[in-house]
Amino acid sequence: MVEKRQPIAVKEAIERVIKRVAQLEKEAVPLEEAYGRILAEPVRASHHVPPFDRSPYDGFAVRSVDTKGASGESRLSFRVIDHIGAGVVSSHTIGAGEAVRIMTGAPLPDGADAVVMLEQAVITGDMFTIRKPFDPLENVSLMGEDAQEGEVIVEAGTFIQPGVTAVLATFGYTEVRVAKKPVVGLLATGTELVDVHEPLEPGKIRNSNGPMIAAQLARMGIQCRLLGSLPDDEDACFDLVKKAVEECDAVITTGGVSVGDFDFLPAVYARLGADVLFNKVQMRPGSVTTVAHVKNTFLFGLSGNPSACFVGFELFVRPALLAMMGSGKPYLPYEKAVLEADFAKPNPFNRFIRAVYTSAPSGAVARPAGFNKSNSVTSIARGNAFIVLPGGTRGFRKGDEVDVLIIGSEEGAESWELN
Ligand code: AMP
Ligand code: MG
């Protein structure tokens with residue numbers, strides 16, 4: 001008799017996975033290698049930024065009191081007593097009617113409290129005139145205006161994007177403490193699979209899920225151990241997965257997880273004594289997605305159907321791996337968008353449609369990315385998002401507002417908001 005599985009809600013499934021997550025250890029990496037990692041400690045400003053009052057323009061540093069009364073009819077004149085570029089400190093103190101020619105980024109000389117931009121001055125020799133008064137601190141970049149010493153600039157758990165790298169460099173971090181990357185094993189199962197470089201034969205298809213998942217991991221900065229591809233053979237799968245469990249934080253398999261005659265992953269989980277968190281989810285595609293846990297290792301059993309495999313990875317594997325690394329934003333970010341095309345099919349389960357999402361000033365729009373079956377590979381290539389249609393709804397029409405999950409973004413969401 002075919003086993004009857006109890007489908008659980010997507011949200012519940014994600015929660016079950018996240019609850020099992022154990023944090024990975026931390027390590028220090030050189031700043032140049034920190035891009036894409038997850039910060040293990042907050043970044044605190046070790047000094048004010050800027051560290052001194054400075055000129056944001058090329059111009060002349062003056063005393064604002066000396067500029068009072070300047071106008072087009074009665075221009076005021078200044079004498080230039082020094083000339084400094086960025087990185088140089090003037091040894092002069094500015095007196096009445098004096099100015100220092102100063103370039104962007106140079107510290108304001110003593111006595112000065114305003115900067116006349118070059119464009120605001122009429123220059124003759126070592127003199128210039130102005131036609132307007134300047135307020136105290138006008139055109140001055142103030143010490144600490146960007147960051148105050150001691151302030152937390154970036155929280156632990158943040159993805160290190162280039163801006164975070166800039167902040168780390170500003171404060172002299174030559175090394176950065178980050179979460180270790182998870183060790184992930186990847187195995188494709190299916191007697192029908194041939195490798196990418198092999199010719200097709202009758203009844204065979206190329207293993208596209210393996211390279212796809214490796215690329216999904218690469219997008220997260222994670223390299224995987226390629227465990228290869230196996231035919232549908234219970235003992236062979238068991239042996240390989242058992243060994244992988246000892247070495248990996250997560251083992252991803254594709255295929256063989258359903259209730260077919262040659263789907264041996266459920267038996268493998270049983271023989272491993274793994275705790276199966278769920279083996280059926282109220283979602284399309286990918287309802288057979290299974291997640292199990294044994295000896296602190298996750299077993300992600302993704303469907304062999306390419307679209308279902310892709311969705312299963314983004315919905316369950318990605319947040320679990322990010323949470324292991326202590327990410328504060330492990331979930332796919334989501335947006336609202338207006339449907340650009342009718343979607344007539346009813347939705348007994350939540351539907352995650354591979355979609356093209358476009359944000360525009362007139363409002364974001366989304367449309368299905370093409371052939372929309374769980375076995376489609378082309379729609380994954382064409383899409384950059386999932387349109388999410390809630391379970392228990394009928395068809396949707398062009399113009400309806402829908403939720404969209406954005407794929408491939410450096411940004412994440414703190415929580416999973418969708419049901
Ligand atoms: P399964 O999940 O094993 O029942 O496979 C479901 C469908 O996905 C079948 O049509 C398989 O041929 C196909 N499939 C399984 N594994 C892969 C793979 N690695 N790459 C592409 N298609 C696959
Ligand atoms: Mg199969």
Side-chain angles (χ1 to χ4, degrees), residues 2-5 7 13 184-219 224-241 244 250-271 274 276-292 299-317 349 351-354 369-383:
V2 173
E3 168 202 0
K4 182 100 184 86
R5 296 184 178 181
V184 181
L186 176 55
L187 169 68
T189 74
T191 304
E192 72 278 33
L193 301 179
V194 298
D195 207 0
V196 183
H197 65 269
E198 291 179 302
L200 285 182
E201 289 165 31
K204 304 284 184 186
I205 59 167
R206 290 202 180 88
N207 167 18
S208 60
N209 291 344
M212 175 181 75
I213 294 170
Q216 283 174 292
L217 287 164
R219 176 148 75 181
C224 58
R225 295 193 183 179
L226 295 170
L227 306 175
S229 171
L230 280 181
D232 295 306
D233 178 285
E234 183 183 322
D235 289 335
C237 282
F238 174 75
D239 291 344
L240 199 66
V241 174
V251 179
I252 304 171
T253 58
T254 91
V257 83
S258 189
V259 295
D261 295 342
F262 302 98
D263 290 331
F264 293 124
L265 262 301
V268 169
Y269 299 141
R271 281 171 66 182
V276 176
L277 308 187
F278 53 84
N279 58 13
K280 185 111 181 156
V281 189
Q282 291 162 8
M283 63 187 252
R284 285 237 168 96
S287 67
V288 299
T289 306
T290 298
V291 180
L299 297 166
F300 293 103
L302 305 181
S303 164
N305 281 311
S307 281
C309 183
F310 184 82
V311 171
F313 180 96
E314 296 293 331
L315 256 47
F316 302 110
V317 183
F349 283 173
R351 211 183 268 288
F352 296 86
I353 306 165
R354 279 73 58 218
F371 181 60
N372 201 262
K373 295 244 172 88
S374 73
N375 56 11
S376 164
V377 69
T378 56
S379 61
I380 321 172
R382 294 184 175 129

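All ligand and atom numbering here is 1-based and tracks the order in the structure.
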Is there any N or O on Gly256 that sits under 3.5 Å from an N or O of ligand 1? yes
Quick check: are there more than 12 heavy atoms from other residues, nucleotides or ligands sitting under 6.0 Å from CZ of Phe238? yes
For ligand 1, note which part of Ile205 has a heavy atom under 4.0 Å away: side chain, backbone, both or neither. side chain
Check this for me: Arg219, atom CZ, are more than 12 non-hydrogen atoms of other residues, nucleotides or ligands nearer than 6.0 Å? yes
Mark the output for Asn207 as yes if a heavy-atom distance to ligand 1 is under 4.0 Å, and as no if none is. yes
Should we say atom NZ of Lys373 is surrounded by more than 12 heavy atoms from elsewhere, each under 6.0 Å from it? no
Do any nitrogen or oxygen atoms of Ser208 lie less than 3.5 angstrom from nitrogen or oxygen atoms of ligand 1? yes
Close approach of Arg206 to ligand 1, heavy atoms, under 4.0 angstrom: yes
Within the structure provided, determine whether Glu192 and Asp232 are in side-chain contact (heavy-atom separation under 4.5 Å). yes
Proximal ligand 1 atoms for Leu193, defined as those under 4.0 Å from one of its heavy atoms: 16 (N), 17 (C), 18 (C), 19 (N)
Among all protein heavy atoms in this structure, tell me which lies nearest to atom 17 (C) of ligand 1, with the distance rounded to 0.1 Å. Asn209 ND2, 3.3 Å
Nearest protein heavy atom with distance in Å, relative to atom 12 (O) of ligand 1: Glu192 OE2, 2.5 Å
Could you tell me if the side chain of Cys224 sits less than 4.5 Å from the side chain of Ile213, heavy atoms only? no
Name the closest protein heavy atom to atom 10 (O) of ligand 1, giving the residue it belongs to and the distance to 0.1 Å. Asn305 OD1, 4.2 Å
Closest approach of Phe352 and Pro285, non-hydrogen atoms and distance? O-CD, 3.4 Å
Please determine, by modelled atom types, if Arg354 and Ser376 share a side-chain donor-acceptor pair under 3.5 angstrom. no
Short N-O contact, Arg271 and Asp239, less than 4.0 angstrom: no
Suppose we measure from atom 5 (O) of ligand 1 to each protein heavy atom; which comes out shortest, and what is that distance? Gly304 CA, 3.7 Å
Specify the protein heavy atom at minimum distance from atom 4 (O) of ligand 1: its residue, its atom name, and the distance to 0.1 Å. Asp263 OD1, 4.0 Å
